[in-house]
*Asks:* 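Let me begin by handing over the structure; questions about it come next.
Chain A is the first sequence line, chain B the second, and so forth, proteins listed ahead of strands; every chain is numbered from 1.
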Amino acid sequence: MTDDRTETDDRTATDDRTETGDRTASRVDDVGQASPLTERIEAILLIIDEPIGLVALAAAVGSPVPAVRQAIETLVEDYDGRGRGPRRGFELREVGGGWRLYVRDDHDDLVAEFVGGQAPARLSQAALETLAVIAYKQPVTRSQVASIRAVNVDSVVRTLLARGLITELFADSETGAINYGTTDALLQHLGINSLDELPPISPLLDDGADGFDEGTIR
Amino acid sequence: MTDDRTETDDRTATDDRTETGDRTASRVDDVGQASPLTERIEAILLIIDEPIGLVALAAAVGSPVPAVRQAIETLVEDYDGRGRGPRRGFELREVGGGWRLYVRDDHDDLVAEFVGGQAPARLSQAALETLAVIAYKQPVTRSQVASIRAVNVDSVVRTLLARGLITELFADSETGAINYGTTDALLQHLGINSLDELPPISPLLDDGADGFDEGTIR
Amino acid sequence: MAPSPEVEPTAPPAEAPDTADTTDADAGFRVSLSNFDGPFDLLLTLISKHEMDITEVSLSAVTNEFIAYLKELDEDEELDQASEFLVVAATLLDMKVAGLLPQGELVDAEAVALLEARDLLFARLLQYRAFKEVSAWFARCLQREDRRHVRAVRLDEKHRRKTPELVWSLTVDDFAALALLAFAPKEIPHVGLDHLHAPLVSIREQAAIVVTLLRGAESVSFRELVAGVREPGIVVARFISVLELYRHAALSFEQLEPLGELTLRWAADSWSDETLATLGADYDR
């Protein structure tokens, strides 16, 4: 095998048959690099233990962000079996603000059996609701959360802090009350890439507000 | 190459899977399995720390050893770019009687640079405090440390492990939670010969113990 | 009140009482009252949609049923459901208190304030419900993602050796000091309320006024007792002092019908103004 193969093949239906042509092609952004971009990205992906963002990845492999974005797309398709090779037992997911290799979910049971061990304890309903309030209302203080939940949330907040799902953002300059927000770890645990992917909650709240016209109040 | 063995090139998702089956020449073994052997093997390879032997791998994926050996060969060729797809940034190598994914040697410099940039020469305050908790409370689980520190300590524990300052002692027989302890490397750094030489801090330590409720999440 | 069909979809947990799990905590709890029979969640929906009057719901009956229901649950579920029930019951109780407070024919600022207070309580209940519903999404995602396996493999020895040598500067005594620091219990800091400037109302002072008014007349209605008062806080304080005086058997009251006029009479056999000095001490902080 030669090292001058390209990392990204401009894939079309026919590309599979012109494989050799692809391989000898060379890309501008790889000039001066010993090996193709996708390979370098894969090397980094193999050793990281938390999601890596595009910019950090681009810095690590020494290529411009757009090229890295494109190469990532190629890898995603490759692993999904939409490239030239077969589908892989792993996949590349963008979760919690970065990219990371995951076992394809088809094989989760197989791996779970192999790994054994205990699933982490589930969060209580109270913790889930507190987490939801913090996720949507952040930055938010404990007393603000408590007033929505109408109960004391101190111990639940402690649990969520210890689990790394929320974090202290800053202290209010006047009251000194600590404002809390969610962490990237929460996004990872939810399997989403950003807070934008939270389901919209305003319809639920608006719904309630609709009931408030004076006419219906006795 | 075995590519020409398949009659058709119009690839669909299902074609990919049967094709991989072809390559491993182990169609029969895949009867009753939802996905091809190579994928299942890749799933296991992605999550293991230590090289895995053929027999253990065969048991993990539920296929006979010869079929697994063949599938491994396919994967080795695949990753080396001798299959249909491009060469990968990682490779599958047999080391000490077992198989494991490694970053391809070509990328060692890249990885070294990345790792060097990731690991600062000094431990952070958070890492030092966590280390102190582990030193005085060992054997201790991550969640116990988290509940004392009132923050998530996962990444800090990873750092301390990577630095060789702590080590995994054993897994709790009931919960499977890993108990950590400190290493001789820490003793050397501190200039002492044994843990007994750590200055006592017992009064507060008892307080810390009260905070433990392993396994409870509320 | 019969559950109206268009309400049903807003209360999905009510649909499957048999498949109750910890994430759909109230799915299994049904309420059976003289005027309502159905899932607890539906009761809340109806009340929040004003299709049922909170004042017609016997919270004590609901509570009794809930306690009976709890006895059949295992511990984890019990705690979850109990805490949730408390949240909702507290809100319902607030609403009910607002609903029962005198409002009457006079549409004055005070009555408007009461209505606003009620709206706030409705809003609170609805907001709570919204977060509760979305928390099911959180539970689903967390559960799904729990099953996933991510590559998190320790760095190869070969690469680990490339990390910069650790710089260590702590003596063993530094280390012990650090341990002390790390073990010091981390109190979650208390949020003071000192910065709030709500006018303070003294129950004792208000009780003195109530005592004076009551002793000077054969009977006084509560409406008269708070006539002309514009501060909700003072109305509340006078109501609390009535309750406190009742505890000291200093007064009797009667109410002929629900929501009817509350008539108070001075009934103390022996009353010393010293009692007044300790009245409402429970509310002192």
*Asks:* Is a salt bridge present between A:Asp108 and C:Arg148, judged by a nitrogen-to-oxygen distance below 4.0 Å?
*Replies:*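 Yes.
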*Asks:* If you measure from the Lys or Arg side-chain nitrogens to the Asp or Glu carboxylate oxygens, is any gap between C:Arg151 and A:Asp49 under 4.0 Å?
*Replies:*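 No, this pair does not count.
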*Asks:* Heavy-atom distance under 4.5 Å between the side chains of C:Leu142 and A:Leu128, does that happen here?
*Replies:*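 They are in side-chain contact.
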*Asks:* When rounded to the nearest 0.5 angstrom, what is the spacing between CG in A:Leu123 and CZ in C:Phe138?
*Replies:*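 With rounding to 0.5 Å, CG (A:Leu123) is 11.0 Å from CZ (C:Phe138).
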*Asks:* Please tell me if the side chains of C:Phe131 and A:Thr130 come closer than 4.5 Å, counting only heavy atoms from C-beta onward.
*Replies:*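 C:Phe131 vs A:Thr130: side chains apart.
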*Asks:* A side-chain contact here means heavy atoms from C-beta on lying under 4.5 Å apart; do A:Pro199 and C:Val134 qualify?
*Replies:*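 Heavy-atom side-chain distance check passes, below 4.5 Å.
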*Asks:* To the nearest 0.5 Å, what is the distance between CD on C:Glu145 and CG on A:Leu187?
*Replies:*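 Rounded to the nearest 0.5 Å, the CD-CG separation comes to 11.0 Å.
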*Asks:* To the nearest 0.5 Å, how far apart are CG in A:Leu131 and OG in C:Ser135?
*Replies:*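 Here the rounded value is 9.5 Å.
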*Asks:* Checking A:Arg93 against chain C: side chain, backbone, both or neither under 4.5 Å from a heavy atom?
*Replies:*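 Just the side chain, heavy atoms under 4.5 Å.
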*Asks:* Heavy-atom distance under 4.5 Å to chain C: side chain of A:Glu174, backbone, both or neither?
*Replies:*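 Answer is neither: A:Glu174 stays 4.5 Å or more from chain C.
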*Asks:* Please classify the contact between A:Ile48 and chain C as side chain, backbone, both or neither, with a heavy-atom cut-off of under 4.5 Å.
*Replies:*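 Contact with chain C: backbone only.
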*Asks:* Determine whether C:Lys132 and A:Gln125 make a side-chain contact, defined as any pair of heavy atoms from C-beta on separated by less than 4.5 Å.
*Replies:*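 They are in side-chain contact.
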*Asks:* Can you tell me if C:Arg144 uses its side chain to pair, donor with acceptor, with the backbone of A:Leu190 under 3.5 Å?
*Replies:*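 Flag set: sc C:Arg144 to bb A:Leu190 pair under 3.5 Å.
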